[in-house]
Amino acid sequence: MNEYRGFFNICRRSLQLENVLQTGQAFRWVLDSESGWYTNTLKLYPLTPEFQIIRLKQNDSKLEYHLESSIKLESREIHNWIKQYFRMEVDVEKLCEEQWLPNDSTFKGKNLRGVRVLQQEPWETLISFICSSNNNIPRISQMCQKLSSHYGNLLNKHEFSNYYSFPTSEELCDRASVESLRSLGFGYRARYIIETAKLLVQQKKIVGIINDTEYFQYISNLYKNDYLQIREHLMGYSGVGPKVADCVCLMGFHMDDIVPIDVHIGRVAKRDYKFVASKKELAILRDTYSTMKLTKKKINYELELIRLMFKELWGPYAGWAEGILFFREISTPTTLAPISKESKKKRLFADTLYDPKNALKEPNRRQNKYIKTEV
DNA sequence: CGTAGACCTTT
DNA sequence: AAGGTCTAC
């Protein structure tokens with residue numbers, strides 16, 4: 001075993017571990033409340049295709065990490081890998097001030113709570129969010145944990161606790177079945193997981209790729225990082241609708257402008273932003289998606305318009321803005337607040353002003369106005 | 001094409 | 001009721 005330690009100078013305003021690791025983005029981080037260390041196993045791709053045991057702990061001024069690796073790695077590479085996992089190059093406070101606040105008073109005087117969007121491995125992200133449908137965070141976490149402990153590989157045998165990798169699509173096909181997953185409490189998602197794993201194994205074989213991460217990288221390149229086509233591809237997997245596909249696009253393909261629309265954010269749109277779908281907007285969208293088989297079949301046009309409204313409003317890092325709003329929505333439940341309570345906000349877009357085709361234009365994902373120069 | 005229900009399990 | 005998806009009208 002090789003051990004690596006290091007740290008980042010970073011304050012809680014920029015990153016709050018509990019608000020990033022335990023709020024429904026990643027599902028396998030485990031906190032030891034005694035010591036304050038979070039532990040998980042991650043694939044440090046492209047440094048290594050194997051999972052490594054990683055621990056994190058923060059205080060008011062720094063983030064410490066500890067890596068237990070089966071192979072030799074470069075300290076500098078590990079450091080940079082963690083940096084990209086947390087997307088540390090993105091300056092959220094600056095984004096809020098310059099990009100969100102001028103267009104949306106919702107962000108006025110609000111604590112961003114150190115919420116960030118993680119850059120995660122696409123395959124695990126896909127399976128995790130297939131598990132998320134009509135489900136709650138504690139059970140999703142439990143299910144992801146079970147996938148690892150029952151179908152992953154044991155990483156070290158000498159420690160007190162056992163740590164397992166997240167199973168590859170092949171491992172899932174070889175070791176799991178609909179019946180075994182059901183008996184572990186996956187419910188109707190058991191079938192989705194098996195079908196998705198089988199399809200991926202098949203697809204990888206066709207293009208001669210063995211690694212799940214590399215396959216999704218290949219798909220991303222194939223479609224030149226085009227969101228609509230990648231989402232269409234993702235919705236080809238069983239149990240993957242627009243919400244799950246968008247989560248994979250945002251966190252697995254780091255498409256920062258994508259806003260996954262769930263019940264919470266849908267409620268926020270109607271209640272706080274007075275969203276109403278117009279016939280014209282709906283017609284334009286239907287036309288736009290008319291040639292996309294799965295998108296046409298699975299999309300909910302009203303929710304899609306909500307997604308586009310937020311993308312227009314919040315810009316290239318709209319997905320990050322959503323993450324922060326979502327966190328606030330679930331942490332201080334206003335679910336019971338009367339919907340009749342009128343917000344001062346006016347409807348954002350008049351029918352004549354808002355053309356969803358504008359929002360459909362792909363942003364320049366390379367723009368770096370909000371990129372910090374050095375951490 | 002949009003809408004209602006079912007779908008597993010746990011809180 | 002939970003951060004949906006699928007199927008049948």
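Within every chain, numbering begins at 1; the chains are lettered A, B, ... in the order of the sequence lines, protein sequences first and strands thereafter.
With rounding to whole Å, Ile265(A) atom CD1 is found 12 Å from dG4(C) atom P. Following rounding to the nearest Å, Phe326(A) (CZ) and dA2(C) (P) show an atom-to-atom distance of 11 Å. Remark: P of dC6(C) and CD of Glu195(A) are 10 Å apart, rounded to the nearest angstrom. One can place NZ of Lys297(A) at 8 Å from P of dC6(C), the figure rounded to the nearest angstrom. Per the geometry, CD1 belonging to Ile258(A) stands 22 Å off P belonging to dG3(C), to the nearest Å. Summarising the geometry, the separation between CZ on Arg267(A) and P on dG4(C) is reported as 10 Å, rounded to the nearest angstrom. Atoms CE (Met143(A)) and P (dC8(B)) sit 12 Å apart, rounded to a whole Å. Rounded to whole Å, the distance from CD1 on Ile137(A) to C1' on dA2(C) is 10 Å.
Taking 4.0 Å as the cut-off between side-chain N and carboxylate O, Arg87(A) and Asp256(A) count as a salt-bridged pair. A salt bridge between Arg307(A) and Glu304(A) is present, with a side-chain N of the basic residue lying under 4.0 Å from a carboxylate O of the acidic one.
Judged by the 6.0 Å distance and 45° axis criteria, Lys296(A) is not positioned over the aromatic ring of Tyr289(A). Taking the ring centre of Tyr301(A) as origin, the terminal cationic atom of Arg286(A) falls inside the region bounded by 6.0 Å and 45° from the ring axis.
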Which pairs, protein N/O on one side and nucleotides 9-11 of chain B N/O on the other, fall under 3.5 Å?
{"from": "dT9(B)", "atom 1": "O4'", "to": "Arg139(A)", "atom 2": "NH1", "distance (Å)": "3.1"}
{"from": "dT9(B)", "atom 1": "O2", "to": "Arg139(A)", "atom 2": "NH2", "distance (Å)": "3.4"}

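Comparing Gly239(A) and Cys247(A) against DNA chain C, the residue whose closest nucleotide sits nearer the 5' end is Cys247(A). Both Met235(A) and Gly24(A) lie near DNA chain C, and the one whose nearest nucleotide falls closer to the 5' end is Gly24(A).
Contact annotation for Gly241(A): backbone-only contact, meaning every heavy-atom pair under 4.0 Å involves sugar-phosphate atoms and none involves a base. Residue contacts shown for Phe129(A) are absent, as no nucleic acid heavy atom lies under 4.0 Å away. Note on Glu322(A): a base of the nucleic acid sits closer than 4.0 angstrom, heavy atoms only. Nucleic acid contact class of Ile130(A) (heavy atoms, under 4.0 Å, all strands): none.
Around atom CD of Glu74(A), no more than 12 heavy atoms belonging to other residues, nucleotides or ligands sit under 6.0 Å away.
dA8(C) and dC8(B) are spaced 14 Å apart, taking the P atom of each and rounding to whole Å. Of the P atoms belonging to dG3(C) and dG5(B), the separation is 23 Å, rounded to the nearest Å.
Between the base of dG4(C) and the side chain of Tyr188(A) there is a donor-acceptor pair shorter than 3.5 Å.
Annotation: salt bridge (Lys or Arg N to Asp or Glu O under 4.0 Å) contacts involving residues 180-192 of chain A, sequence neighbours excluded, comprise Arg191(A)-Glu195(A).
Legend: residues meeting side chain to side chain donor-acceptor pair (under 3.5 Å) with Tyr38(A), ordered by chain and number and at least two apart, are Gln22(A). Shown here are the ring-ring contact (aromatic ring centres under 6.0 Å, His included) partners of Tyr65(A), two or more places apart in sequence or in another chain: Phe8(A), His79(A). Cys144(A) pairs by the side chain to side chain contact (heavy atoms under 4.5 Å, CB included) definition with Phe27(A), Arg28(A), Ser128(A), Ile140(A), not counting sequence neighbours.
Between Lys298(A) and the phosphate of dT5(C), there is no side-chain N or O to OP1/OP2 separation shorter than 4.0 Å.
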Dot-bracket for DNA chain B, 5' to 3', counting Watson-Crick or G-U wobble pairs under 3.5 Å, with [ ] for crossing pairs and | for inter-strand pairs?
.||||||.||.
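Arg13(A) is listed as a side-chain neighbour of Glu93(A), based on a closest heavy-atom distance under 4.5 Å.
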